[in-house]
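Working notes for the structure below.
Along the sequence shown, residues carry numbers from 1.
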Amino acid sequence: MKRLLLTILITLAMTTSVSGESQVDSLVMNRMYGFLQRNVDKIQDYTTNVYSKHIYQVHQRNASLMAIPSMYSISHGQRAFVAEQYGKFTFKGVNDYENKRQVYCTTIPRNRRTMSVLMTYLAPNFYDVTIYDDHVLSPFCRENRIYYKFKTVPLANHKVRLYFRPRLVKNTQLVTGKAIIDERTGRIDQVEMEGEYDMIRFQTLAMMGDEGARALLPKICQTSISFKFAGNHITSQFEAVFDCPITLADSIDVKGDRVLMDSIRPISLSAEELMVWEDYDRRHGLLVEEEEVEEEPDTVLVTQAWVKEEEPAQEPPTRHHNYLKEIGWDLIGENLLHSIRTESERGYLKLSPILDPQYVSYSKSKGFSYRIKLGARYKFNENSWINFNPYVGYNFKFREFYYKAPIHYYYNSKLDAGVELIFGNDNRIGSSTIVDQIKKEYGTDINLDGKQLDLFDDNYIRCLHHIQVNKQMRLETGMVFHHRHSLNAAEMVKYGKERHYFSMAPSMSIKWQPTKKAPMFTIDYERGLKLNKSYLNYERWEADASFVQRLCRTQQLNARVGGGLYTERGNDLFMDFANFRDNNLPGGWDDDFAGNFQLLSSRLYNESKYYIRGNLSFETPLMIGFLTPLVGRYVERERVYVSSLSIDNTRLYSELGYGFTCRVFSLGFFTSFLDYKYQDMGCKFTFELFNRW
C-alpha cells in the first residue's frame, strides 16, 4: 500500500508540474516539438561531407586499461594522441545513416582507433526521442516532456533561450543544459548540454544548420568528454564539421595520408593538437629540421653536394624493436582482450574477445556460462553474399560444451532467398522412457541413481531453404538430422539398450505477418522418417504468435503466445520442440532476457508431449528503479515480466519478474508459482560492461 501511494503521489506531482509550467512559452515549445515532423522528409537520401578531429589525454592509467575495448593502443607509451577523419554521412532517415570513413590520420599506433563509442556523439539527433542512437532522452521531443522541467527567456531577433533539467532526479538517460530556439519556426539554433552515459561524462556545444535537411543536423558540434574507470582517467575533446565543401570519390579509403588530409581539412588544428603531431613526427624521424627549411634552395643543393663529396652520409639512428613486446603484447595481448576485425569492400572477419566479461552470464537454474563468437561475410555482389557466424560456449554447472556453426548463403537478398547449413549440438536431452523400460524388465528395486542412463548428447545437422513469398509470408523448408548418443554407453549395453538414436526429418515453417504492426504468426511442422530401428518415428506441430509494440519514450511491449504437440510419438523417447527449449548459453539484455522461463527445470522441456506458453514483458527507460537513492541515476532500462506455462503432468506454472540494466550489468529477479502458490525464487545476471564499446 505504501508503494502504491508513493507511485500515485509521484504521478500526480509529475502531472501537476507538467500542466503548470508557468515560465514556459507554450507556443514556442509546440513549434519546436513539431519541427521534426514538418521537415523529416527532407533528410531522406541526404548526403553530407563530415570532418572530425579528436585529441585524447591520458591523465591516469593502469593495467586494467588494456582490458577495455579499443583502449589497448593507448594503454602504454605516449599520453596524448590525435585522430582526424574525413568522410560522408548518408541519411536514409533522421535516425538511420551510414558513416563512410574515407581518410583517416592518427598518432595512435598502427592507425588504430580508440574509444570508438565517441563516433555516436558526432551527430546528435535533438529532435527525436533519443539523442544518441537508442539512449539519452531528448528534452526537445514532446514525448519526453514529463521527464524534464523547462524555463524560457525571450531574446532579441525572434529568439528564445530554453533552459532544461531533469524533473525529479538525475539519471544517465537525461541531460541538463540550455538552447536557443527560433520562436517563429521552432528550429533549434544552438544547444549546450551536459550529461553522463556509459561511464562517459560529456559536455556538448552544437550549432545547428539553417534550412532543409541541414536544420536537423549540426553544422558544428564540439564535445568534451571525461572517462574514469578503475583508476584510469582519460579526457577527449573532439569537433565535427558538417557540410564540408570538398567531396571525395567513393573509391577513396586511405589511412595515414596526411598530405591529403591537409588539403581537405576545413578548420585548423589547435596549438595543442599541432604539438602532438610534432612529437609524433620527432619520434618517427619525420620532423624536418628548422634550419634546413629556412635555407635557400641553391644553398641546400650545394650543401648536399658538399656533404656527399667530403663526408660519408650518416645512417639514421637505428630503432631498436622489442620483438618480444610486439609479439607478446601487441599481438597476443591485444587479441585476447579485444575483438579482432578485418574488412574490405567484399567482406569482413570479426572474432569476439577471448577474455571478455560481456559473454559471462549467471542464473540460479543454469549457473555460469561463457561463450565467444566469430563473424565473417563475403559479398559476391549487392544481392548475394555468404555469412559464417559460429559460436562456442561452455556451461559450468552442467559441464557442457556447446557449438553452432551456421553457413548462410543468400542468393537473392531482395526476396530474402537463401540456403543455410548448420552444424551444432543442442542441450543434453533427457528421456525417462529408457529408465522406465529398464525398471520394467529388471525390477523396480534396481538402483540406477547416478548412472545418467536417461541423458543423451545431441548433435545435429540442419539444412534449410527460405524465401519471402510476398510481403506478408515467408516460407522455410528443409531437412534436419539428429544423432543422440548416451552419456553412459557401457551401462546401456549392459541392459541391452541402444547407445545411439538417430532421426531424419523433413521440416517446414511458415511465417505470416499481415501488416508491419500486426503480430508475427508461425506454424512449424516436422516429420521423422523411420529408416530403421535406430531412427525415431514422430510427427510434431507447433504454432507461435509474437508481437512487439513500440510505445512512446522508447517503451516497448513484448508478447508471445504459442503451443506445440506430438501427433505421432513413436516410442516416446525424446520430446524436442523447436520453440520451447532451454538455453544454457543465455545472452545479455537484448538477447533472450524476456522470452524464456528463467526458473523452469531443464528436464521439463523434453518430457512433455505438448506445451502451451505465454510470455509478456513491458520495457521502459525509467520506471521506478531510477528513484532509488544513490544507484538509481545509473539505471538505464527496466522490465517487468509475466510468463505462464502448461505442460503434461504438471500444474499451471507461472513466473513473475523484474529486471533492469545499467552500465555494468543486467539483473533480473524472478519468482515462480505452481497453481498460483509460491514455489521458488531466483535471479539472472549478465555483464553489460562496455557492451556498446
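Ring geometry, Y72 versus H76: the interplanar angle exceeds 60°, so the pair is classed perpendicular (tilted spans 30 to 60°). Ring orientation note: the planes of F91 and F89 are tilted relative to one another, at an angle of 30° to 60°.
M492 approaches S486 most closely through the heavy-atom pair CG-OG, 3.2 Å. Residues L600 and E655 share a closest heavy-atom pair of N-OE2, 3.5 Å. The two atoms that bring N389 and G375 nearest to each other are OD1-CA, 3.3 Å, heavy atoms only. Pairing each heavy atom of F670 with each of G657, the nearest pair is CD2-CA, 3.8 Å. For the residue pair A518 and Q513, the shortest heavy atom distance occurs at O-NE2, 2.9 Å. Closest approach of M71 to I234, counting heavy atoms only: CE-CD1, 3.1 Å.
A donor-acceptor pair under 3.5 Å is formed between the side chain of Y104 and the backbone N or O of R112. In terms of modelled atom types and a separation under 3.5 Å, the side chain of S413 and the main chain of S384 share no donor-acceptor contact. No donor-acceptor distance shorter than 3.5 angstrom exists from the side chain of Q598 to the backbone of K684, with no hydrogens or angles considered. Remark: side-chain polar atoms of N383 are paired, donor with acceptor, to backbone N or O of K414 under 3.5 angstrom. Within the 3.5 Å criterion, the main-chain N or O of L565 finds no donor-acceptor partner in the side chain of K609. Between the side chain of S507 and the backbone N or O of E526, no donor-acceptor pair lies under 3.5 Å.
At least one side-chain heavy atom of R113 sits under 4.5 Å from a side-chain heavy atom of R101. For the pair F81/H54, no side-chain contact is recorded, criterion being any heavy-atom separation below 4.5 Å from C-beta on. Proximity of T114 to S73: side-chain heavy atoms (C-beta onward) are nowhere separated by under 4.5 Å. Considering only heavy atoms from C-beta on, M508 comes within 4.5 Å of L475 through its side chain. In this structure, F660 and E636 have side chains that are not in contact, with every pair of non-hydrogen atoms separated by 4.5 Å or more. At least one side-chain heavy atom of N99 sits under 4.5 Å from a side-chain heavy atom of Q85. Taking 4.5 Å as the limit, some side-chain heavy atom of I647 sits within range of a side-chain heavy atom of F580. Proximity of Q102 to D253: side-chain heavy atoms (C-beta onward) are nowhere separated by under 4.5 Å.
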Next on the checklist: What verdict does the side chain to side chain donor-acceptor pair (under 3.5 Å) test give for R560 and N558, after you've listed the backbone C-alpha separation in whole Å, the side-chain angles of each residue and the deciding distance to 0.1 Å?
Outcome noted: CA-CA 7 Å; R560 184 177 184 182; N558 306 307; over 6 Å; no
Item to check | side chain to side chain contact (heavy atoms under 4.5 Å, CB included) between V561 and I612, worked out | outcome: CA-CA 8 Å; V561 178; I612 301 174; 5.9 Å; no
Checklist entry - Taking it one step at a time, do N111 and T106 satisfy side chain to side chain donor-acceptor pair (under 3.5 Å)? => result CA-CA 6 Å; N111 282 317; T106 182; 5.9 Å; no
Checklist entry - Which is it for N615 and F597 under the side chain to side chain contact (heavy atoms under 4.5 Å, CB included) test, yes or no, and what are the steps along the way? => result CA-CA 9 Å; N615 300 84; F597 295 90; 4.1 Å; yes
Checklist entry - ring-ring contact (aromatic ring centres under 6.0 Å, His included) between H466 and Y410: does it pass, once the steps are laid out? => result CA-CA 9 Å; H466 58 83; Y410 284 87; 5.5 Å; yes
Item to check | Verdict with supporting geometry, F401 and Y394, ring-ring contact (aromatic ring centres under 6.0 Å, His included) | outcome: CA-CA 5 Å; F401 174 80; Y394 186 78; 7.3 Å; no
Checklist entry - Where do Y501 and I429 land on the side chain to side chain contact (heavy atoms under 4.5 Å, CB included) test, with the steps shown first? => result CA-CA 12 Å; Y501 288 92; I429 190 168; over 6 Å; no
Next on the checklist: Between Y132 and Y121, does the ring-ring contact (aromatic ring centres under 6.0 Å, His included) criterion hold? Intermediate values first, please.
Outcome noted: CA-CA 7 Å; Y132 305 113; Y121 293 82; 4.5 Å; yes
Item to check | Test log, rule side chain to side chain contact (heavy atoms under 4.5 Å, CB included), inputs D133 and H135 | outcome: CA-CA 6 Å; D133 287 343; H135 57 274; 4.2 Å; yes
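A cation-pi arrangement is found for R484 relative to F574, the charged atom lying closer than 6.0 Å to the ring centre and inside a 45° cone about the ring normal.
In this structure, E688 CD and S666 OG are separated by 3.0 Å, a value rounded to the nearest 0.5 Å. In this structure, W541 CH2 and F577 CZ are separated by 14.0 Å, a value rounded to the nearest 0.5 Å. Between E400 atom CD and L455 atom CG the span is 8.5 Å, to the nearest 0.5 Å. For the atom pair Y460 OH and K404 NZ, the distance stands at 5.0 Å (nearest 0.5 Å). Atom CG in N606 sits 6.0 Å away from atom CG in D576 (nearest 0.5 Å). We find the OH-CG distance between Y653 and L599 to be 4.5 Å, quoted to the nearest 0.5 Å.
Residue-environment remark: CH2 (W385) exceeds the threshold of 12 foreign heavy atoms within 6.0 Å. For R499, the CZ atom sits in a loose shell: 12 or fewer heavy atoms of surrounding residues, nucleotides or ligands are nearer than 6.0 Å. Around the CD1 atom of I523, the shell of radius 6.0 Å holds no more than 12 heavy atoms that belong to other residues, nucleotides or ligands. More than 12 heavy atoms of other residues, nucleotides or ligands shown are found within 6.0 angstrom of CE on M473.
Between the side chains of R61 and N232, no donor N or O sits under 3.5 Å from an acceptor N or O. A side-chain N or O of D524 and one of S509 form a donor-acceptor pair less than 3.5 Å apart.
Electrostatic pairing of K511 and E476 does not count as a salt bridge here, judged by no charged N lying under 4.0 Å from a carboxylate O.
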